[in-house]
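Let me begin by presenting the structure, written as structure tokens, before commenting on it.
Heavy atoms only: backbone and side chains are in, while hydrogens, waters and symmetry mates are out.
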Amino acid sequence: MLELLLKNPYEMELRESKSLPDPCGDEVKIKLIYGGICGTDLSVYKGGISYATYPVRPGHELLGTIIDAGKEALYQPGTRVIVQPNTFCGVCVKCQIGKTNICRNKKSLGINTDGGFSEEFVISSKFVLPVPDELPNEKAILIEPFAVVVHALKKVEITKNTSVAVIGCGNEGKLAVLLAKYLGAEVTAIDIHPLKLEQVKKLGPNIRVVAPGDIAGETFDVVIEAAGTKSSIEDGMRIVTPGGSMVLIGITQESSFPVAHVVRNEITLYGSIIYQFPDDFIQTIEYLKNDAFHVEPVVSRIMPISDFKRAFESAFSGDYGKIILDFRRESIV
């Protein structure tokens with residue numbers, strides 16, 4: 001069985017590993033189809049996440065087919081599933097009130113427990129969800145990252161003609177642009193990189209793209225911060241209209257907080273981390289099933305796992321959208 005292993009930061013290899021044991025209890029064994037490379041994977045690769053453990057098998061954006069199941073598994077072999085890669089205990093105070101996304105005992109695949117960048121892997125069936133037959137693999141692999149955006153945008157009201165600014169046009173930013181536009185908003189996408197703005201233009205018509213310096217004096221009903229930098233957060237607070245809201249998706253360690261500006265203008269700030277499972281995944285699937293929701297341009301490259309080095313280099317470059325690894329044996333040979 002082929003798997004990726006990150007021995008230490010900057011030390012990753014593709015290796016043959018021993019066959020997995022049969023699943024037991026509620027576990028399922030999944031044969032992977034696609035794995036998406038996420039910014040988190042890149043941070044773990046560089047040693048940029050303090051709670052990451054090594055060696056670790058990376059990968060948490062995972063789509064595959066169940067090939068074996070324990071006696072108590074929720075789903076049977078042959079079921080195509082997407083993986084929810086953040087475990088939750090179900091018994092802590094946060095889990096008891098439904099906030100499983102901030103479970104005190106949470107483990108994250110590919111960070112502090114082995115992920116799924118391998119031909120096969122085993123996981124509890126409570127962390128997977130069937131994918132409808134009508135949803136192609138190329139859309140289905142985006143369910144997990146898109147669910148992050150779906151969860152975040154539930155915190156604010158976006159309807160027809162709501163003015164929305166999305167700061168940061170990486171993959172999460174692009175998905176936020178698409179969802180806000182789908183909900184009827186007048187969307188402005190903001191990024192310092194011209195190439196990313198060119199990529200946003202390919203998402204569809206009537207999306208305004210600008211550099212940060214091109215919006216002097218403008219304000220927006222809702223600001224979605226998806227860049228995760230100190231300056232982008234500070235700039236975002238300044239462009240929220242009085243009485244408006246800002247949702248923080250990107251993560252940075254610290255930023256200056258203009259308390260007087262926020263208080264005097266009654267600006268509401270929301271932090272948003274991952275999603276509620278399965279509700280946000282189910283909502284995401286409903287969006288993706290709609291033929292009018294075109295997420296295909298978000299994916300730039302689908303590459304065989306044997307070409308993982310070039311795939312990660314492409315992701316690191318910032319010159320592409322989502323990079324997908326294909327784990328099917330026929331794609332490798």
**Report entry** Worked check of side chain to side chain contact (heavy atoms under 4.5 Å, CB included) between Asn265 and Val240
**Finding:** CA-CA 9 Å; Asn265 290 282; Val240 181; over 6 Å; no
Heavy-atom closest contact ([X] atom, [Y] atom, distance):
| X | Y | answer |
| --- | --- | --- |
| Ile158 | Ala180 | CG2-O, 4.1 Å |
| Asn112 | Thr53 | CA-OG1, 3.4 Å |
| Lys18 | Met1 | O-CE, 4.1 Å |
| Leu32 | Leu62 | CD1-CB, 3.9 Å |

Hydrophobic cluster membership, with links at side-chain heavy-atom distances under 4.5 Å among I/L/V/M/F/W/Y: are [X] and [Y] in one?
| X | Y | value |
| --- | --- | --- |
| Ile323 | Val200 | yes |
| Tyr51 | Leu42 | yes |
| Leu248 | Leu153 | no |

Does some side-chain heavy atom of [Y] sit less than 4.5 Å from a side-chain heavy atom of [X]?
| X | Y | answer |
| --- | --- | --- |
| Phe327 | Lys31 | no |
| Phe316 | Lys46 | yes |
| Ile305 | Asp307 | no |
| Leu325 | Ile37 | yes |
| Val299 | Arg301 | no |
| Val223 | Ile167 | yes |
| Asp68 | Val28 | no |
| Ile190 | Ile239 | yes |

Side chains of [Y] and [X]: any donor to acceptor distance under 3.5 Å?
| X | Y | answer |
| --- | --- | --- |
| Glu61 | Tyr34 | no |
| Ser124 | Glu27 | no |
| Asp221 | Ser163 | yes |

Query raised in the report: Between Thr188 and Val166, does a side chain to side chain contact (heavy atoms under 4.5 Å, CB included) hold up when you go through it step by step?
Result: CA-CA 6 Å; Thr188 296; Val166 178; over 6 Å; no
Aromatic ring proximity [X]/[Y], centre distance under 6.0 Å:
| X | Y | value |
| --- | --- | --- |
| Tyr45 | Tyr54 | no |
| Tyr182 | Tyr287 | yes |
| Phe308 | Phe117 | no |

Does a side-chain N-to-carboxylate-O contact under 4.0 Å join [X] and [Y]?
| X | Y | answer |
| --- | --- | --- |
| Lys160 | Glu186 | no |
| Arg15 | Glu3 | yes |
| Glu172 | Lys196 | no |
| Lys71 | Asp26 | no |
| Glu313 | Lys309 | no |
| Glu13 | Lys7 | yes |

Main chain of [Y], side chain of [X]: is a donor-acceptor contact present, judged purely on distance under 3.5 Å?
| X | Y | answer |
| --- | --- | --- |
| Lys174 | Cys169 | yes |
| Ser300 | Gly321 | yes |
| Thr113 | Leu109 | no |

Query raised in the report: Please walk me through it: do Lys230 and Glu254 pass side chain to side chain contact (heavy atoms under 4.5 Å, CB included)?
Result: CA-CA 7 Å; Lys230 180 178 184 295; Glu254 60 182 24; 5.5 Å; no
Which donor-acceptor pairs under 3.5 Å do side chains of residues 78-90 form with protein atoms, sequence neighbours excluded?
unit_1 : atom_1 : unit_2 : atom_2 : d
Thr79  : OG1    : Gln76  : O      : 2.8
Arg80  : NH1    : Leu135 : O      : 2.9
Arg80  : NH1    : Asn137 : OD1    : 2.8
Arg80  : NH2    : Pro132 : O      : 2.7
Arg80  : NH2    : Leu135 : O      : 2.7
Gln84  : OE1    : Asn86  : N      : 2.7
Gln84  : NE2    : Asn86  : O      : 2.7
Asn86  : OD1    : Ser108 : OG     : 2.9
Asn86  : ND2    : Tyr275 : OH     : 3.0
Thr87  : OG1    : Lys107 : N      : 3.0
Thr87  : OG1    : Lys107 : O      : 3.3

